[in-house]
Amino acid sequence: MDYSEVTERISRKFSKSGKEIDRQKVEGKLRRLIDEFGVQPSEAERSVSNELAKEFNIPAAGSGGGTGAGAGGATEQKAIAQAQPGDWVTLEGKVVSLAAPASPAIAQSGIIADESGGIRFVVWAKSNAPKMKEGAWYRIESAVVDEYKNIPNLKVHSGTTITEIEKTDPLIPEPSPIRDLRPGIGSVRAKVIQEWEVTHDRMLQSGLLGDETGTVKFVIWKEPSKEKLAVGTVYSVFYAQVDEYNERLSLNITTATIMQEEGDIVTATGGDVEIRGAIVHIAPGSGIIKRCPVPGCNRALSRQNYCPIHEIQPNFVYDLRIKGWLDDGEKTHNILLKRDVVEALTGINLDQAKEIAENNPLGMDEVFLQMRDKVLGRYVACKGREIENRLLVNTCERMHFESGEHAKLLNRAGGAP
């Protein structure tokens with residue numbers, strides 16, 4: 001993007017009023033808004049123009065001849081669910097959650113909601129806006145809606161007015177079926193189906209939520225007073241952030257309101273897939289492994305019994321797993337087999353693997369080699385769920401050779417049985 005061109009355009013607007021702008025400062029603001037915070041270029045130009053207009057105490061200059069609040073017009077009051085990227089809006093809502101700002105340039109961020117739905121908001125530090133309180137209702141006038149990662153965001157800038165209003169209406173959203181979730185803010189009633197090994201130091205928990213209509217990945221980041229969800233328990237999750245990556249949705253429930261519910265949910269099983277093919281690679285880290293014994297961690301340890309979070313753990317816990325590739329003739333799939341599947345497929349249970357590792361000169365490597373020899377190149381049928389381009393295998397059975405099928409294949413290829 002040519003920032004100098006946008007800066008020149010802003011400069012020409014203010015020069016008509018006899019004002020000279022600091023071009024370097026203006027270009028720096030544009031770069032920060034667009035590059036660091038994902039603001040649309042037109043909205044960044046409008047925001048910088050409004051800030052300058054306020055600084056010079058002149059009517060808002062607008063941007064590109066636009067007609068919203070930035071060009072001196074009035075913004076339209078809307079229900080939150082109606083706010084679309086590119087709109088300048090006035091709305092009333094309740095702050096249902098606050099999050100730690102991701103940058104010093106941000107004063108506050110969180111989610112504001114009304115009866116129609118919720119939207120994530122960001123308050124720029126330079127807006128000098130009053131601090132909002134979680135649980136209070138506010139009227140926000142002349143804010144701009146933009147888009148970040150396909151999710152609408154409400155941006156509070158220097159031209160926005162925030163007023164606390166007296167309202168005590170209860171605000172309890174209706175949970176939606178998981179299959180109907182869309183990027184943005186959503187609420188669900190679901191059961192924790194699986195808990196996965198966390199992949200980041202700041203992550204408290206990740207796993208899979210399910211209801212009668214489908215499943216969705218969830219993540220909770222480490223925050224004060226945050227607790228893990230229990231597998232097999234049903235929860236109502238209000239105002240979670242619904243993200244999309246590689247056409248897959250996930251729920252960030254770190255700042256969501258979470259309530260444990262009574263009863264059970266029969267979750268959908270239609271998400272299971274079956275892949276048939278040959279195991280063509282067994283990855284390092286397969287076989288017998290050591291896990292961190294600290295409750296809630298369960299990370300795989302290094303050979304020196306080192307956990308990246310809890311350091312040296314001499315009282316480790318043994319586990320079995322196989323990571324590898326399954327080729328179905330058209331595509332190679334990344335697969336992960338947990339302990340019970342590994343035991344069934346290899347015929348080596350955890351106690352036998354521990355005995356091998358503790359009494360063989362090669363130690364844990366011998367378990368890896370024996371398991372590799374038992375499964376590498378074998379044809380199997382694996383069933384499980386594909387999550388983030390990896391098949392989490394629930395069952396895996398060997399495929400038996402059928403001489404009749406072999407003859408049919410040779411005939412199709414023009415050979416002889």
Side-chain angles (χ1 to χ4, degrees), residues 80-81 93-99 110-111 113-120 134-135 168-198 203-244 248-274 295-298 338-341 383-388 391-395:
I80 287 177
K94 179 180 181 181
V95 176
V96 295
S97 70
L98 291 172
I111 296 172
D114 63 11
E115 292 80 0
S116 69
I119 188 171
R120 182 176 179 268
E134 187 171 333
T168 57
D169 297 6
L171 195 59
I172 303 177
E174 185 69 25
S176 65
I178 286 178
R179 69 182 175 196
D180 293 340
L181 288 174
R182 299 292 182 270
I185 305 299
S187 301
V188 298
R189 182 178 184 273
K191 182 166 71 173
V192 182
I193 299 175
Q194 295 177 358
E195 181 178 6
W196 302 338
E197 182 177 348
V198 295
M203 188 182 292
L204 176 66
Q205 186 183 30
S206 68
L208 198 67
L209 290 173
D211 66 7
E212 300 88 343
T213 68
T215 59
V216 65
K217 172 188 173 182
F218 77 91
V219 61
I220 304 175
W221 296 94
K222 290 179 179 177
E223 296 284 352
S225 75
K226 297 307 294 185
E227 296 181 356
K228 297 173 67 174
L229 305 186
V231 175
T233 303
V234 176
Y235 296 90
S236 287
V237 180
F238 301 121
Y239 302 117
Q241 184 165 313
V242 187
D243 299 315
E244 183 177 28
R248 295 179 183 272
L249 297 181
S250 66
L251 291 182
N252 181 344
I253 63 175
T254 307
T255 61
T257 300
I258 302 172
M259 297 175 58
Q260 184 174 333
E261 301 284 359
E262 298 292 334
D264 194 13
I265 292 178
V266 179
T267 58
T269 58
D272 285 349
V273 298
E274 180 178 14
C297 182
N298 204 41
K338 55 185 180 177
R339 173 184 163 184
D340 57 339
V341 181
K383 293 181 181 179
R385 294 182 183 274
E386 279 195 298
I387 305 293
E388 296 183 333
L391 182 68
L392 303 180
V393 180
N394 294 323
T395 64

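Small disclaimer: the values here were computed from a predicted structure and weren't measured. For the single chain, residues carry numbers from 1 onward in sequence order.
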- Positive for side chain to side chain contact (heavy atoms under 4.5 Å, CB included) with V188, one of V237, I253, T213: V237
- Query: What residues, two or more places apart in sequence or in another chain, satisfy side-chain hydrogen bond (donor to acceptor under 3.5 Å, both in side chains) together with N252?
  - Reply: T254
- Message: Which residues pass the salt bridge (Lys or Arg N to Asp or Glu O under 4.0 Å) test with R189, not counting sequence neighbours?
- Response: none
- Query: When rounded to the nearest 0.5 angstrom, what distance separates CD in E174 from CD in E115?
  - Reply: 13.5 Å
- Gap separating the CD1 atom of I220 from the CG atom of L229, nearest 0.5 angstrom: 4.0 Å
- Task: Report yes if some heavy atom in the side chain of K228 is under 4.5 Å from a heavy atom in the side chain of L204; otherwise report no.
- Result: yes
- Item | Set of residues satisfying side-chain contact (heavy atoms from CB on, under 4.5 Å) with respect to R182, sequence neighbours excluded | none
- Can you tell me how far CD1 of I119 sits from CD1 of I80, rounded to the nearest 0.5 angstrom? 7.0 Å
- So, do R248 and K217 sit near enough that their side-chain heavy atoms are less than 4.5 Å apart? no
- Task: Over all heavy atoms of both residues, which pair between K94 and G135 is shortest? Give the atoms and the distance, please.
- Result: CE-O, 3.5 Å
- Is there side-chain contact between K383 and T395, with heavy atoms separated by less than 4.5 Å? yes
- Mind listing the closest non-hydrogen atom pair of A99 and T255 along with its distance? CB-CG2, 4.0 Å
- Who pairs with V242 by side-chain contact (heavy atoms from CB on, under 4.5 Å), at least two apart in sequence or on another chain? L181, L249, L251
- Item | Pairing residues for Q260 by the side-chain contact (heavy atoms from CB on, under 4.5 Å) criterion, not counting sequence neighbours | T233, Y235
- Between V273 and L391, is a side-chain contact (heavy atoms from CB on, under 4.5 Å) present by the stated rule, with each step listed? CA-CA 9 Å; V273 298; L391 182 68; 3.6 Å; yes
- Item | Heavy-atom pair of closest approach, residues A113 and V96 | CB-CG1, 4.0 Å
- Item | For S116, side-chain hydrogen bond (donor to acceptor under 3.5 Å, both in side chains) partners two or more places apart | D114
- Ignoring hydrogens and angles, tell me if any N or O in the side chain of E195 forms a donor-acceptor pair with the backbone of Q205 under 3.5 Å. no
- Sequence-distant partners of S206, side-chain hydrogen bond (donor to acceptor under 3.5 Å, both in side chains), two or more places apart: none
- Message: Using only atom types and a distance under 3.5 Å, with no angle test, would you say the side chain of S187 pairs donor to acceptor with the backbone of S176?
- Response: no
- Query: Could you give the distance from CD1 (I111) to OH (Y239), rounded to the nearest 0.5 Å?
  - Reply: 9.5 Å
- Message: My understanding is that only residues two or more places apart in sequence, or in another chain, count here; which of them pass salt bridge (Lys or Arg N to Asp or Glu O under 4.0 Å) with E274?
- Response: R276
- Among all residues two or more places apart in sequence or in another chain, which pass the salt bridge (Lys or Arg N to Asp or Glu O under 4.0 Å) test with K191? D264
- Task: With the side chain counted from C-beta on, respond yes when Q194 and V231 share a heavy-atom pair under 4.5 Å apart, and no when they do not.
- Result: no
- Any idea which heavy atoms bring I178 and A190 closest together, and the distance? CD1-CB, 4.1 Å
- Item | Least distance between heavy atoms, A256 atom then F238 atom | CB-O, 3.3 Å
- side-chain hydrogen bond (donor to acceptor under 3.5 Å, both in side chains) partners of D180, counting only residues at least two apart: none
